[in-house]
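Here is how names work: the chains are called A, B, and so on, in the same order as the sequence lines, proteins then strands, and each is numbered from 1. Note that these values count all heavy atoms, side chains included, but never hydrogens, waters or copies made by symmetry.
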Number of protein chains: 2
Amino acid sequence: MDTRPTSRRQDQSAKAPPAKTSRAEPSRIERLCIERGLKMTGQRRLIARVLSDAEDHPDVEELYRRALALDNKVSVATVYRTVRLLEEKGILDRRDFGGGRARYEPTEHGQHHHLIDVETGRVIEFVDEAFERLAQAIAARLGFSMVQFRLEIFGQRDAEESNPAPPEAPR
Amino acid sequence: MDTRPTSRRQDQSAKAPPAKTSRAEPSRIERLCIERGLKMTGQRRLIARVLSDAEDHPDVEELYRRALALDNKVSVATVYRTVRLLEEKGILDRRDFGGGRARYEPTEHGQHHHLIDVETGRVIEFVDEAFERLAQAIAARLGFSMVQFRLEIFGQRDAEESNPAPPEAPR
DNA sequence: ATAAATGCAAAATCTTTGCAGAGAC
DNA sequence: GTCTCTGCAAAGATTTTGCATTTAT
């Protein structure tokens with residue numbers, strides 16, 4: 001019989017960036033929401049703050065956990081509904097790094113891509129302009145205009161290194 | 001309220017390549033299984049044939065449907081177990097093109113990538129050596145050895161075109 | 001003969017949704 | 001005041017699994 005780990009649940013204990021509890025001014029994401037005319041409820045403001053503060057690629061459950069930690073007034077269903085809404089509005093990007101759960105990050109950040117450490121699951125972002133040009137050229141060659149592209153490199157940390165940064169989401 | 005399509009089920013009516021019903025010789029995938037010492041049951045042989053014949057990126061349910069069409073002796077659970085096994089053995093690659101279901105294709109084919117038509121969901125494969133070199137260089141720069149990488153370009157068909165190829169899996 | 005594979009149905013996960021009450025504008 | 005949002009629990013969708021039985025080697 002198969003011998004994979006039984007549960008798809010993963011250790012999500014990792015870094016939840018220190019909550020900037022400056023409740024006063026609107027978070028960056030909140031401003032974007034307002035720009036697009038979204039009705040700003042307490043829950044949306046809360047989720048917007050969590051997203052604005054996040055420097056990683058949290059999944060819905062992790063967002064929910066962080067939101068609860070800030071202010072215990074939100075349900076998972078609302079988190080799901082909100083990330084979907086924000087994705088539709090172009091404020092969030094949904095990612096799939098192979099863990100079975102969708103993970104989110106604010107749009108923009110410029111075009112960047114991901115290197116996933118196959119051992120720890122940690123995700124490193126990087127930028128490379130050459131890729132974008134190349135991708136655009138290929139799309140054109142095939143008769144398409146590039147709308148978006150994603151590049152994910154799965155790699156193994158080189159031996160000599162000594163940079164035990166904590167994993168973002170171990171597989 | 002949200003206005004997304006209710007069901008995640010998708011039209012999967014598209015091309016099921018003409019079944020090479022030459023039951024005699026083992027399919028290509030079956031040979032690979034044997035090479036790796038897998039026990040060859042009727043079901044595995046069947047699934048191996050479906051995979052060998054496939055020229056697209058079917059999901060489990062589609063594989064199941066095609067398998068049933070050839071020979072009505074397999075269950076979905078076995079298809080799931082088999083694709084997982086073959087993925088672990090490096091015979092299949094699992095893909096995610098954003099439809100919520102994993103899709104599979106035989107490994108090898110050489111390093112190739114995908115351009116997804118955002119309107120129809122059709123997937124076009126392409127190769128480009130420059131990408132591989134670039135990806136390798138980037139991994140090295142970050143202190144990693146590249147194990148694998150995936151590149152997906154989402155594009156919109158240019159207007160002037162007139163190539164109404166049928167979608168592989170419309171979103 | 002033995003260890004592994006299958007089928008079935010139940011369970012696990014992740015995500016969406018219907019509905020009644022609460023809240024933003 | 002109206003129209004949207006939220007919470008809850010239930011339903012959906014996809015994938016995994018326990019167990020008794022069958023099967024490949």
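With rounding to whole Å, Arg36(A) atom CZ is found 22 Å from dA24(C) atom P. Spacing between atom NZ of Lys73(B) and atom C1' of dT22(D) amounts to 14 Å, rounded to whole angstrom units. The distance from atom CG of Leu38(B) to atom C1' of dA3(C) is 14 Å, rounded to the nearest whole Å. With rounding to whole Å, Arg45(B) atom CZ is found 11 Å from dT6(C) atom P. Rounded to whole angstrom, the span from the OH atom of Tyr104(B) across to the P atom of dT14(D) amounts to 13 Å. Atom P of nucleotide dT16(D) and atom CZ of Arg101(A) are separated by 13 Å, given to the nearest angstrom. Taking atom CZ of residue Arg81(A) and atom P of nucleotide dC19(C), one finds them 13 Å apart after rounding to whole Å. We find that CD of Glu62(A) is positioned 13 Å from P of dC14(C), with the value rounded to whole Å.
Counting atom types as modelled, Arg44(A) pairs no side-chain N or O with a base atom of dG23(C) as donor and acceptor under 3.5 Å.
No engagement by Val76(A) is indicated, since no non-hydrogen atom pair under 4.0 Å with the nucleic acid exists.
Overall bending of the helix from dA1(C)-dT25(D) to dC25(C)-dG1(D), expressed as the angle between end axes built from five pairs apiece, is 40° (10° steps).
With sequence neighbours excluded, the residues satisfying salt bridge (charged side-chain N to carboxylate O under 4.0 Å, His left out) with Glu129(B) are Arg133(B). Listed by chain and number, the residues in a salt bridge (charged side-chain N to carboxylate O under 4.0 Å, His left out) with Arg44(A) amount to none (sequence neighbours excluded).
Side chain of Tyr80(A), nearest nucleotide from dT14(D), dT16(C), dT6(C): dT16(C).
Mapping Lys39(B) and Thr82(A) onto DNA chain D via the closest heavy atom, the residue that lands nearer the 5' end is Thr82(A).
Put simply, Gln43(A) has a side-chain N or O that comes within less than 4.0 Å of OP1 or OP2 on dG7(D). Put simply, Thr41(A) has a side-chain N or O that comes within less than 4.0 Å of OP1 or OP2 on dT6(D). Residue Arg84(A) places at least one side-chain N or O closer than 4.0 Å to OP1 or OP2 of dT16(C). In this model, the phosphate group of dG7(D) is approached by a side-chain N or O of Thr78(A) to a distance below 4.0 Å at OP1 or OP2.
Note on ring orientation: taking the six-membered ring where Trp is involved, the planes of His57(A) and His114(A) are perpendicular (angle over 60°, cut-offs 30° and 60°).
Centroid-to-centroid, the aromatic rings of Phe131(B) and Phe149(B) stay 6.0 Å apart or farther.
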* Evaluation steps, side-chain hydrogen bond (donor to acceptor under 3.5 Å, both in side chains), between Asp158(A) and Ser145(B) -> CA-CA 6 Å; Asp158(A) 288 337; Ser145(B) 309; 2.6 Å; yes
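For the pair Glu30(A)/Ile34(A), a side-chain contact is recorded, criterion being any heavy-atom separation below 4.5 Å from C-beta on. Residues Arg45(A) and Cys33(A) have side chains not in contact (no heavy-atom distance under 4.5 Å, counting atoms from C-beta outward).
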